[in-house]
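Notes follow once the structure below has been shown.
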Amino acid sequence: MKTITNQKFWVLLCVLFFAIGSWAQIITVTGNWIQIIDSSNLQGPAGSDLNPSYESAIDEIYIDLEELPSDWEVDVKKFDENWDPNLNLYIQKISDGTAGTPLEGGEGYQLVTDSDQFFFEPGSGGSDLAINGIYIQLKVDGVSVQIPPDIYITKVYYTIIANN
Amino acid sequence: MKKQKSLILSVSFLFLFAATASAQTDTAEHDVTMQVDPIAVLDIHGTDITLTVEAPAIGGETPSNPQNDTCWLQYTSTVGSDLTRSINVNWAGDTAPSGCILWITATPSGNLNEGASAGAQSFEAVLPKNVITGIGSCATGIGFGNGANLFYTLAVDTMTSLVAGESNTATVTYTLLDDS
């Protein structure tokens with residue numbers, strides 16, 4: 001009669017750990033947005049205020065998703081490193097990348113806050129195992145001459161969550 | 001052996017359950033950087049002006065001082081919270097007609113951070129001189145009636161020095177700059 005030794009038991013456990021670990025979905029984001037605001041952004045001649053709203057380029061930032069489960073969602077939030085309270089950050093999804101069926105959510109700008117908020121999820125056709133090149137666009141409004149000259153930075157966090 | 005198999009199966013199901021029951025997450029991030037640079041721009045709304053010393057209505061009187069208030073100084077300024085700016089005026093080496101002194105007063109509208117008038121300044125002494133002080137972050141607006149009204153007066157100072165037919169052109173320059 002064969003018996004499972006202590007050593008084999010732990011090997012099996014390690015394999016199990018590895019297998020479970022390998023299921024974890026992966027999200028990567030490529031790109032940053034740097035907007036310089038100076039006198040070229042005035043609405044008109046001297047005496048006019050700054051343009052209040054600015055958008056990132058549509059091909060500036062994209063998201064890749066890998067090892068996707070059947071059901072998942074991407075949430076978004078920001079963490080301010082140095083941010084003026086008059087500045088509002090918005091986000092929208094520009095494209096669905098290589099998704100086989102259209103993704104749901106992210107159409108039209110939504111306000112990014114300091115807490116996680118739903119951004120997008122797989123469409124009704126189900127999820128691919130990987131989706132690349134989901135382009136997103138950002139917008140900041142609330143800019144005026146009342147914003148003191150400075151470098152304002154906020155980090156935008158994208159979190160993919162398996163909904164099983 | 002049965003006990004060991006049963007234990008492994010139990011542990012396996014436990015991990016599987018844990019793996020599926022808990023929402024697994026992964027996070028990625030990027031920066032958004034808004035660099036707001038200091039801005040200091042100004043312009044004059046209005047056209048070149050002419051101040052003419054005319055004969056008084058009644059013989060024996062001193063000619064009146066010609067005045068003009070049709071120009072507006074308009075500016076956009078962004079500064080740090082502990083900084084202010086001023087606008088000074090200069091007159092690049094030109095002179096007023098003999099016997100006359102040119103005076104200028106810039107009067108801001110009183111809106112937030114647009115600064116205060118430094119009072120009437122003459123062009124006979126050392127230049128440049130401040131005409132507006134205490135400017136913070138502001139946008140005065142554009143077009144007629146916005147910003148600081150420029151009030152020019154050509155004052156007859158020495159009647160006996162006036163020269164009939166004398167005409168001088170002066171280029172007046174305004175500069176918005178940081179207070180040191």
Side-chain angles (χ1 to χ4, degrees), chain A residues 1-4 9 12-13 16-17 20 23-39 42 44-50 54 56 61 63 69 78-79 81 84 87 89 138 140 143-164, chain B residues 1-5 7-9 11-16 18-45 72-83 112-114 136-143 146-148 174 176:
Chain A
M1 183 183 291
K2 288 184 178 178
T3 59
I4 298 178
F9 173 79
L12 277 171
L13 272 184
L16 195 58
F17 267 123
I20 291 171
W23 293 342
Q25 58 280 2
I26 298 170
I27 184 169
T28 57
V29 61
T30 303
N32 283 303
W33 180 29
I34 299 174
Q35 177 71 51
I36 295 174
I37 299 169
D38 56 24
S39 58
L42 293 176
S48 63
D49 207 332
L50 288 162
Y54 300 83
S56 65
I61 303 167
I63 294 170
K78 70 179 175 69
F79 177 79
E81 292 191 354
D84 189 280
L87 299 175
L89 179 67
L138 295 159
V140 166
V143 176
S144 76
V145 295
Q146 300 308 325
I147 306 287
D150 204 344
I151 296 175
Y152 299 96
I153 301 174
T154 190
K155 281 190 179 296
V156 182
Y157 286 88
Y158 304 87
T159 301
I160 184 167
I161 304 169
N163 293 327
N164 291 315
Chain B
M1 178 181 159
K2 278 185 180 176
K3 272 189 177 176
Q4 281 178 316
K5 275 188 176 176
L7 178 63
I8 290 170
L9 280 172
V11 170
S12 301
F13 280 120
L14 190 63
F15 276 112
L16 282 170
T20 54
S22 65
Q24 296 184 42
T25 67
D26 187 33
T27 299
E29 87 278 352
H30 66 75
D31 288 345
V32 171
T33 303
M34 307 292 288
Q35 179 178 323
V36 180
D37 288 346
I39 295 172
V41 292
L42 84 165
D43 202 354
I44 295 174
H45 178 86
W72 299 80
L73 200 55
Q74 295 164 345
Y75 41 98
T76 301
S77 168
T78 61
V79 295
S81 56
D82 54 346
L83 294 175
L112 181 67
N113 292 339
E114 290 183 8
S137 291
C138 65
T140 61
I142 60 175
N146 289 308
Y174 296 90
L176 172 63

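Per chain, numbering begins at 1; letters A, B, ... match sequence-line order. In this text the structure is predicted, and so the values were computed from the model without any measurement.
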Part of B:Val79 within contact of chain A (heavy atom distance under 4.5 Å): backbone

Donor-acceptor pair, distance only, cut-off 3.5 Å: does the side chain of B:Gln35 make one with the backbone of A:Ile34? no

Using only atom types and a distance under 3.5 Å, with no angle test, would you say the side chain of B:Asp31 pairs donor to acceptor with the backbone of A:Asn32? no

Write down the atom of [X], the atom of [Y], and the distance for their closest heavy-atom approach.
X	Y	answer
A:Ile37	B:Met34	CD1-CE, 3.7 Å
B:Thr76	A:Ser48	OG1-O, 2.8 Å
B:Cys138	A:Val145	C-CG2, 3.7 Å

Interchain contact, [X] with chain B, by part (heavy-atom threshold 4.5 Å):
X	result
A:Ile61	side chain
A:Asp49	both
A:Leu138	side chain
A:Val140	side chain

Between B:Thr27 and the options A:Thr159, A:Ile160, A:Ile161, the side chain to side chain contact (heavy atoms under 4.5 Å, CB included) test singles out A:Thr159

Pair count under 4.5 Å, heavy atoms only, with chain A: among B:Asp43, B:Ile44, B:Leu176, B:Thr78, highest is B:Thr78

Using a cut-off of under 4.5 Å on heavy-atom pairs, state which of B:Gly80, B:Gly141, B:Ser81 scores highest against chain A. B:Gly141

The test is side chain to side chain contact (heavy atoms under 4.5 Å, CB included); show your working for A:Trp33 and B:His30 and say whether it passes. CA-CA 8 Å; A:Trp33 180 29; B:His30 66 75; 5.6 Å; no

